[in-house]
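This chain uses plain numbering: 1 for the first residue, then up along the sequence.
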Amino acid sequence: MSTKKLLCLALTLALLAGVCTGCGGKGQETQTTPGNSGNAQDSQTPTTSGAMGRYAETDIPLPDSQESPIGILWEDGALTLYTKEQDADNFSRFRYENQAWSQPEQVAWLTDAWNRLELRATYLYSGQDGKTYAMAYPNSDTLPYGQYILGTSDGSTAQDLTPPSLVELNANGYRSYILDMAVLSDGTLALGTDAGVGFYQNGKQTHLVEGVPLIMDHQTMVAASQESVAVFAPDATSVDIYSTSGFQKLTTVAIQQDLYESLIFPGENGIWYLVTQAGILRFTQDGSIVETIMEGSNGMMGSTTAGKIQFLCGDQEDFYGLYQNYSSGTYFLKYYSYHDDIPSSASTTLSIYGLQESSTVSQAVYEFQSAHPEVQVQYNFSVGPYETPSGDVIRSLNAELLNGGGADVLILDGLPIDSYMEKGILADLSDLTGTLGEQGVLLDIIGNAAALDGKTYALPARIAVPIKFGSPEELEALESLDALHNYVETHPDSPLLGYTIHDSAGITLFHIMYQDLLLADGSLDEEKLTLLLEDWMQICEACNTKMLEEAWKLDTVWDRTRIPFFSGSELYKDGNNAQVQQIDGLISTISPYITIQKKNFTPQPVQDYYIPKVMAGVNASSPSQDLAKEFIELLFSDSIQQLNNIDGFPVSTYGLEAMIEYSESEVARGMVVSSGSTDPETGEEFIESGTYPPRERLEELIELIKGLNKPFSVDSTISQTVWEEMNRCYEGQQTPAETSRAICQKVSMYLAE
């Protein structure tokens with residue numbers, strides 16, 4: 001990230017006029033360049049010339065209470081925390097003054113809403129009319145499910161302010177979603193709904209403006225100041241500003257960041273604030289200034305493991321933020337204030353780059369930055385956690401690394417690690433491997449994932465685990481190429497993989513048999529690959545994939561998910577068949593274990609494979625070798641390993657044991673995953689629901705994980721090539737032999753680049 005000073009006198013004067021009397025009046029403009037891998041050779045270049053002053057984050061311990069926070073407000077010149085007792089009607093609030101919490105005060109109107117209106121307050125709002133409001137959900141089945149708006153006129157009695165038109169059920173039997181709200185100075189409700197942002201007076205809509213599309217059941221859409229209303233625009237990267245009189249659009253401010261999961265709140269004199277993963281942003285109402293006053297890497301807002309519940313301004317150009325950890329359910333309250341005695345920029349940078357965003361890396365960045373305020377940590381990635389980077393991105397990165405550039409720490413998921421080791425791009429981490437082994441990290445996993453000539457060059461901080469379950473004979477068929485071929489020859493009409501489509505079956509079989517297909521130089525055995533493709537085509541016919549694809553209106557899974565091991569639908573087909581599924585962490589065990597529990601199957605490893613995830617290596621060209629190794633060591637600390645993230649299972653004994661403890665926690669017990677499905681053969685519709693597997697099943701899984709010793713790593717470009725050619729074969733454009741030849745030729749050419 002680069003820092004720029006405001007050079008234009010007009011802009012400087014506008015900034016001073018706008019913020020010196022309001023919240024957050026200090027800071028410098030910064031810009032983010034997502035996707036830039038960082039330059040290892042520049043990582044120790046001083047980034048400050050002695051300038052002092054920046055915002056810093058400190059922790060405010062929450063009150064010693066058994067109640068859970070539901071929001072923070074600024075009331076009567078002080079921070080006020082609202083809480084609710086678990087499974088009870090007790091709502092309280094605490095005032096924070098002189099760095100201490102007051103005794104709790106009962107909030108009668110929220111209790112009244114719970115008992116009399118049967119509405120449970122979940123989000124709080126300060127209206128520009130000086131009153132407090134809440135968004136609520138029903139706490140019983142007597143009311144239509146959905147969000148309701150609560151207010152109070154006397155502090156004791158709750159009022160249901162939900163506009164009647166938003167409670168009515170539509171033709172499909174559903175209500176309108178109310179996603180967000182703000183209240184104007186005259187009491188007008190600005191409600192973000194699935195239709196846009198509507199303005200309601202006396203329960204009736206007077207205006208409707210377009211807003212950001214719905215993707216969650218609660219998301220930021222609208223905020224109000226005394227003078228204007230800010231609405232997240234339909235493009236989700238800009239903010240539309242409307243007047244409070246007539247609701248005319250005044251301007252559109254280009255933020256040029258994804259605003260989903262961001263929070264917006266007003267300052268004074270036409271200043272607005274946004275809190276995104278990139279940090280705290282400030283912009284003027286006319287759009288003349290858009291700047292970052294605090295980098296996300298310096299605060300919890302930059303961590304993908306914590307959700308931002310609420311943010312607000314204090315009265316000393318400071319901020320307060322309430323967060324909740326996604327996996328543990330733990331709440332955090334943070335304070336942000338400007339410090340004149342802290343250098344405005346760090347003297348050293350540590351750059352980290354990965355193709356895809358990782359919640360594990362994000363949390364480690366936050367912890368490392370907190371421990372090293374003198375270092376500016378730059379974490380860049382090409383795409384989000386659910387997107388797929390293009391081949392051009394990978395080729396560009398390869399060229400940069402070969403020329404001695406690139407980030408200090410490389411997260412190597414999806415990259416050609418073998419080539420990097422052979423070409424000397426990665427530094428030797430063997431000494432770090434031994435240290436981690438003494439700390440309870442699974443050596444068979446971290447030591448085998450990226451080894452060459454007795455040295456270790458990258459370490460996986462997480463792993464995914466492919467498992468298989470089903471009937472015994474079908475499970476044996478997945479042991480090797482010969483076993484698969486023998487099964488297909490003797491059972492030509494048996495649906496080996498149950499309910500599946502052609503690309504799920506094909507790419508999963510290719511990955512299972514990858515080691516059998518691999519030649520010493522990294523290329524593929526054409527004859528064996530032809531045999532596999534012939535067997536795959538027969539399996540598709542036996543599984544009736546064309547009928548299933550038509551019934552499900554689905555002809556691809558790989559191109560959307562890029563999951564190496566996913567043999568087909570989670571709906572288990574009665575009879576003899578097998579399923580192969582990749583589990584990427586505790587929460588991903590829920591769906592497959594519904595079947596495993598019901599059928600009393602025992603999951604088995606797939607070729608003793610584990611899939612290295614969050615593969616961290618040090619750029620051999622980095623001048624910050626020690627800092628880079630310290631960051632990688634942090635990835636294996638107890639605080640990071642205990643996270644229940646979606647990017648894999650922990651690789652330490654402590655982390656695996658913490659996973660079991662979490663599964664039995666109150667937060668985890670409330671997690672239920674449900675999925676509906678239709679049997680394509682009978683038309684029967686049903687819903688399967690489940691929660692985390694019981695302790696004995698997780699202990700069984702942990703023992704399975706501890707026995708894994710074969711890293712599965714296929715270059716994403718090779719998998720994509722196989723998928724593309726398999727599709728041509730399936731569509732009858734080429735024979736299995738022709739497909740095999742095309743794949744082998746393309747893979748050989750790619751490896752030679």
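Annotation for Gln597: atom CD counts as buried by contact number, over 12 foreign heavy atoms lying within 6.0 Å.
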Show the numbers, then the answer: is there a side chain to side chain contact (heavy atoms under 4.5 Å, CB included) between Thr360 and Asp647?
-> CA-CA 7 Å; Thr360 297; Asp647 52 4; 2.9 Å; yes
Chi angles and distances behind the ring-ring contact (aromatic ring centres under 6.0 Å, His included) call for Tyr366, Phe368 | CA-CA 6 Å; Tyr366 172 66; Phe368 191 89; over 10 Å; no
Working for side chain to side chain contact (heavy atoms under 4.5 Å, CB included), residues Phe510 and Leu524 = CA-CA 11 Å; Phe510 170 74; Leu524 300 175; 4.1 Å; yes
I would like to know whether Trp558 and His502 meet ring-ring contact (aromatic ring centres under 6.0 Å, His included); could you show each step before the answer?
-> CA-CA 10 Å; Trp558 168 258; His502 76 279; over 10 Å; no
Kindly indicate, with the supporting measurements, whether the criterion side chain to side chain contact (heavy atoms under 4.5 Å, CB included) is fulfilled by Gln604 and Ile467.
-> CA-CA 6 Å; Gln604 299 178 19; Ile467 58 173; over 6 Å; no
Begin with the C-alpha distance, continue with both residues' side-chain angles, and end with the deciding distance and a verdict on side-chain hydrogen bond (donor to acceptor under 3.5 Å, both in side chains) for Asn325 and Thr330.
-> CA-CA 5 Å; Asn325 182 278; Thr330 307; 5.9 Å; no
Start with the C-alpha gap between Asn398 and Tyr420, add the side-chain angles, then the distance that decides, and say whether side-chain hydrogen bond (donor to acceptor under 3.5 Å, both in side chains) holds.
-> CA-CA 9 Å; Asn398 291 345; Tyr420 288 2; 2.4 Å; yes
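You'll find the side chain of Phe469 stays beyond 4.5 Å of the side chain of Thr602, heavy atoms only. Counting only heavy atoms from C-beta outward, the side chains of Asn577 and Tyr499 never approach each other to under 4.5 Å. Val377 has its side chain within reach of Ile352: a pair of non-hydrogen atoms, C-beta onward, lies under 4.5 Å apart. In this structure the side chain of Asp413 never reaches within 4.5 angstrom of the side chain of Arg462, judged on heavy atoms.
For the side chain to side chain donor-acceptor pair (under 3.5 Å) test, no residue two or more places apart in sequence or in another chain qualifies with Gln369. In terms of the salt bridge (Lys or Arg N to Asp or Glu O under 4.0 Å) criterion, Glu534 has no residue partners (sequence neighbours excluded). Asp626 is linked by a salt bridge (Lys or Arg N to Asp or Glu O under 4.0 Å) to nothing, counting only residues two or more places apart in sequence or in another chain. With sequence neighbours left out, Lys573 forms a salt bridge (Lys or Arg N to Asp or Glu O under 4.0 Å) with Glu681. Among residues two or more places apart in sequence or in another chain, the ring pair (Phe, Tyr, Trp, His ring centres under 6.0 Å) test is passed with His491 by Tyr487.
Counting only residues at least two apart or on different chains, the side-chain hydrogen bond (donor to acceptor under 3.5 Å, both in side chains) pairs with a member in residues 648-657 are Gln642-Tyr654. The salt bridge (charged side-chain N to carboxylate O under 4.0 Å, His left out) pairs that include a residue from residues 580-605 are Asp574-Lys599, Asp584-Lys613, Lys598-Glu688, where partners are two or more places apart or lie in different chains. Evaluation of the ring-ring contact (aromatic ring centres under 6.0 Å, His included) test over residues 593-622, restricted to residues two or more places apart or in two chains, returns Tyr572-Phe601, Tyr609-Phe712. Residue pairs that meet the salt bridge (charged side-chain N to carboxylate O under 4.0 Å, His left out) test with at least one member in residues 501-521, sequence neighbours left out, do not exist here. The salt bridge (charged side-chain N to carboxylate O under 4.0 Å, His left out) analysis of residues 692-710, with sequence neighbours excluded, yields the pairs Glu661-Arg695, Glu664-Arg695, Arg695-Glu699, Arg697-Glu700. Applying the salt bridge (charged side-chain N to carboxylate O under 4.0 Å, His left out) test to pairs two or more places apart or on separate chains, those with a residue in residues 471-490 are Lys468-Glu479.
Under the 3.5 Å distance criterion, the side-chain polar atoms of Ser362 are left unmatched by any main-chain donor or acceptor of Ser359. His511 places a side-chain N or O within 3.5 Å of a backbone atom of Ile507 that can act as its donor or acceptor partner. Distance alone, capped at 3.5 Å, is enough to place a donor-acceptor pair between the Gln538 side chain and the Pro492 backbone.
The shortest non-hydrogen separation linking Leu415 to Ile411 is CD1-O, 4.0 Å. Minimum interatomic distance between Leu459 and Ile446 (heavy atoms only, all atoms of both residues): CD2-O, 3.5 Å. For Gln641 against Ala461, the heavy-atom pair with the smallest separation is NE2-O, 3.0 Å. The two residues Ile660 and Ser663 make their nearest non-hydrogen contact at O-OG, 2.6 Å. Shortest non-hydrogen contact noted between Pro460 and Val651 is O-CG2, 3.5 Å. Nearest heavy atoms, Ser719 versus Val714: OG-CG1, 3.4 Å.
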Only pairs under 3.5 Å count here: list side-chain donor-acceptor contacts from residues 421-431, not counting sequence neighbours, and write none if there are none.
| residue | atom | partner | partner atom | Å |
| --- | --- | --- | --- | --- |
| Lys423 | NZ | Ser419 | OG | 3.2 |
| Asp428 | OD1 | Ser430 | N | 2.9 |
| Asp428 | OD1 | Ser430 | OG | 2.6 |
| Ser430 | OG | Thr456 | N | 3.0 |

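Between the side chains of Gln720 and Arg562, at least one donor-acceptor pair of N or O atoms lies under 3.5 Å.
Salt bridge annotation for Lys746-Glu725: present, with a cationic side-chain nitrogen under 4.0 angstrom from a carboxylate oxygen.
Screening Ile611, Ile445, Val614, Leu442 for a side chain to side chain contact (heavy atoms under 4.5 Å, CB included) involving Ile463 leaves a single residue, Ile445.
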